[in-house]
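Just below is one structure, and these are the notes that go with it.
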Amino acid sequence: MKSIFDTVSFQCSRLVTKNYSTSFSLAVKMLAPSIQDGIYSIYGFVRFADEIVDSFHDYDKENLINDFEKEHYKAMEMGISLNPILNSFQHTVKQYNITDDLVQAFLKSMKLDLIKSTYNTQTEYEDYIYGSADVVGLMCLKVFVKGNNQKYEQLKHEAMRLGSAFQKVNFLRDLKDDNLVLNRNYFPGVDLKSFDEDAKNKIIDEIETDFKIAYQGIVKLPMEAKFGVYTAYIYYKKLLNKLKKTPYHEIGNSRIRISNYTKAGLLAQSFVTYKLKLV
């Protein structure tokens with residue numbers, strides 16, 4: 001029965017999320033069970049595309065990402081894919097009316113990572129972040145509001161800013177690997193050789209503005225989604241604070257992490273704040 005295959009497909013997306021990101025997996029578990037599979041399937045789709053361009057160095061990345069895209073549209077047309085990640089994602093796209101412009105914007109940014117290493121202007125930087133992060137936030141928002149277009153439009157701007165904040169934190173945390181391993185520089189006018197405390201603080205100020213605007217949307221989310229999104233928000237805010245306290249030269253030489261013990265504490269903090277209706 002196809003229902004069994006569909007169940008297995010969503011379980012595969014859940015497994016991908018758990019193995020690639022314990023933090024995001026923890027946040028998804030804080031969502032209502034009715035919407036968890038949709039978010040797992042989105043993560044599985046974007047994670048596999050990201051892995052193609054970031055990790056599969058011994059393979060033809062261009063062919064892999066193009067095949068991945070073709071198989072997605074084949075799954076959309078047929079209503080099934082033998083790739084369980086694509087099979088679960090096409091279900092979610094259809095169930096929550098995730099528009100194709102979001103998928104295309106995401107894939108465009110992924111393909112840019114194959115041919116572009118430096119983002120020299122603010123426009124290039126913002127376009128990349130829109131495709132790589134903002135639209136992922138919008139896909140998740142489609143699931144959170146369960147197809148309510150009015151609610152989606154009301155929260156769209158804040159969801160994009162949350163996606164931007166998460167991505168910029170990742171950029172700052174991964175500054176060393178992006179520069180030295182992948183030879184990429186996403187921040188306009190900044191490179192590892194000239195990176196200093198002023199450059200770091202300017203980026204942090206930008207991220208804090210994103211978080212401030214994003215929070216205004218989190219408090220308006222449906223109850224099924226609010227606690228999970230708030231948990232992710234608290235985790236990334238903690239990561240940003242740790243980056244803020246880290247000297248600029250250490251950011252360029254190591255990857256900042258949050259311990260599992262700290263993550264557990266953040267979850268408890270989020271739970272108390274949520275139950276007290278402070279968010």
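For this chain, numbers begin at 1 and follow the sequence in order. For clarity, every value in this text was computed on a predicted model and none was experimentally measured.
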Inspect the surroundings of [atom1] in [X] and state if more than 12 heavy atoms from other residues, nucleotides or ligands are less than 6.0 Å away.
X: Lys94; atom1: NZ; result: yes
X: Glu77; atom1: CD; result: no
X: Glu62; atom1: CD; result: no
X: Lys245; atom1: NZ; result: no

Can [Y] be reached from [X] by stepping across I, L, V, M, F, W or Y side chains whose heavy atoms are under 4.5 Å apart?
X: Met110; Y: Ile115; answer: yes
X: Leu64; Y: Leu107; answer: yes
X: Ile80; Y: Val93; answer: no
X: Leu162; Y: Ile213; answer: no

Legend entry - Aromatic ring pairing Tyr59/Phe56, orientation class (parallel under 30°, perpendicular over 60°, tilted between): perpendicular
Inset, instruction - Please state whether the rings of His72 and Phe45 are parallel, tilted or perpendicular, taking 30° and 60° as the class boundaries. - result: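 Taking Phe45 first and then His72, their aromatic rings sit tilted (interplane angle of 30° to 60°).
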Inset, instruction - Taking the six-membered ring for Trp and the full ring for Phe, Tyr or His, determine whether the centres of Tyr119 and Tyr125 are under 6.0 Å apart. - result: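 So the answer is no for these two rings.
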How many angstroms lie between atom [atom1] of [X] and atom [atom2] of [Y], to the nearest 0.5 angstrom?
X: Asp210; Y: Arg161; atom1: CG; atom2: CZ; result: 4.5 Å
X: Phe227; Y: Thr231; atom1: CZ; atom2: OG1; result: 4.0 Å
X: Lys61; Y: His57; atom1: NZ; atom2: NE2; result: 4.5 Å
X: Glu126; Y: Asp134; atom1: CD; atom2: CG; result: 9.5 Å
X: Lys70; Y: Ile65; atom1: NZ; atom2: CD1; result: 12.0 Å

Legend entry - Beyond-backbone contact of Lys168 with Glu206, side-chain heavy atoms, under 4.5 angstrom: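 Contact flag for Lys168/Glu206 side chains = yes.
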Inset, instruction - Please report the closest heavy-atom contact between Lys220 and Leu155, naming both atoms and the distance. - result: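 Looking at all heavy atoms of both residues, the closest pair is CB-CD2, 3.6 Å.
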Legend entry - Closest heavy-atom pair and its distance - Gln167, Ala133: CB-CB, 3.4 Å
Inset, instruction - Begin from the C-alpha positions of Glu51 and Arg47 and carry the test salt bridge (charged side-chain N to carboxylate O under 4.0 Å, His left out) through to its verdict. - result: CA-CA 6 Å; Glu51 282 300 295; Arg47 170 51 63 184; 3.2 Å; yes
Inset, instruction - Using a strict 4.0 Å threshold on nitrogen-to-oxygen distance, state whether Lys2 and Asp6 make a salt bridge. - result: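 Salt bridge present between Lys2 and Asp6.
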Return yes if some donor-acceptor pair links the side-chain N/O of [X] with the main-chain N/O of [Y] below 3.5 Å, else return no.
X: Asn87; Y: Asn83; value: no
X: Gln104; Y: Asp100; value: no
X: Asp50; Y: Val46; value: no
X: Thr22; Y: Lys18; value: no
X: Lys200; Y: Thr246; value: yes
X: Ser21; Y: Thr17; value: no
X: Ser88; Y: Pro84; value: yes
X: Ser109; Y: Tyr128; value: yes
X: Lys116; Y: Thr118; value: yes
X: Lys244; Y: Ile204; value: no

Could you pull out every donor-acceptor pair under 3.5 Å between side chains of residues 140-149 and any protein atom, sequence neighbours left out?
unit_1: Lys142; atom_1: NZ; unit_2: Asn97; atom_2: O; d: 3.3
unit_1: Asn148; atom_1: OD1; unit_2: Gln150; atom_2: N; d: 3.1
unit_1: Asn148; atom_1: OD1; unit_2: Lys151; atom_2: N; d: 3.0

Inset, instruction - May I have the step-by-step check of side chain to side chain contact (heavy atoms under 4.5 Å, CB included) for Asn170 and Tyr236, ending in yes or no? - result: CA-CA 9 Å; Asn170 288 335; Tyr236 269 90; 3.4 Å; yes
Legend entry - Full working for side chain to side chain contact (heavy atoms under 4.5 Å, CB included) between Ile129 and Tyr186: CA-CA 9 Å; Ile129 288 179; Tyr186 294 107; over 6 Å; no
List the atom pairs, with distances to 0.1 Å, where a side-chain N or O of residues 31-42 and a protein N or O form a donor-acceptor pair under 3.5 Å, not counting sequence neighbours.
unit_1: Gln36; atom_1: NE2; unit_2: Lys29; atom_2: O; d: 3.4
unit_1: Gln36; atom_1: NE2; unit_2: Leu31; atom_2: O; d: 2.9
unit_1: Asp37; atom_1: OD1; unit_2: Arg14; atom_2: NH2; d: 2.8
unit_1: Ser41; atom_1: OG; unit_2: Asp37; atom_2: O; d: 3.4
unit_1: Ser41; atom_1: OG; unit_2: Gly38; atom_2: O; d: 2.7
unit_1: Ser41; atom_1: OG; unit_2: Thr92; atom_2: OG1; d: 2.6

Inset, instruction - Just do the side chain to side chain contact (heavy atoms under 4.5 Å, CB included) check on Val53 and Lys111 with the steps written out, would you? - result: CA-CA 7 Å; Val53 299; Lys111 291 176 183 179; over 6 Å; no
Legend entry - With Tyr43, the ring pair (Phe, Tyr, Trp, His ring centres under 6.0 Å) member among Phe24, Phe10, Phe89, Phe48: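 When Phe24, Phe10, Phe89, Phe48 are each tested with Tyr43, the ring pair (Phe, Tyr, Trp, His ring centres under 6.0 Å) holds only for Phe24.
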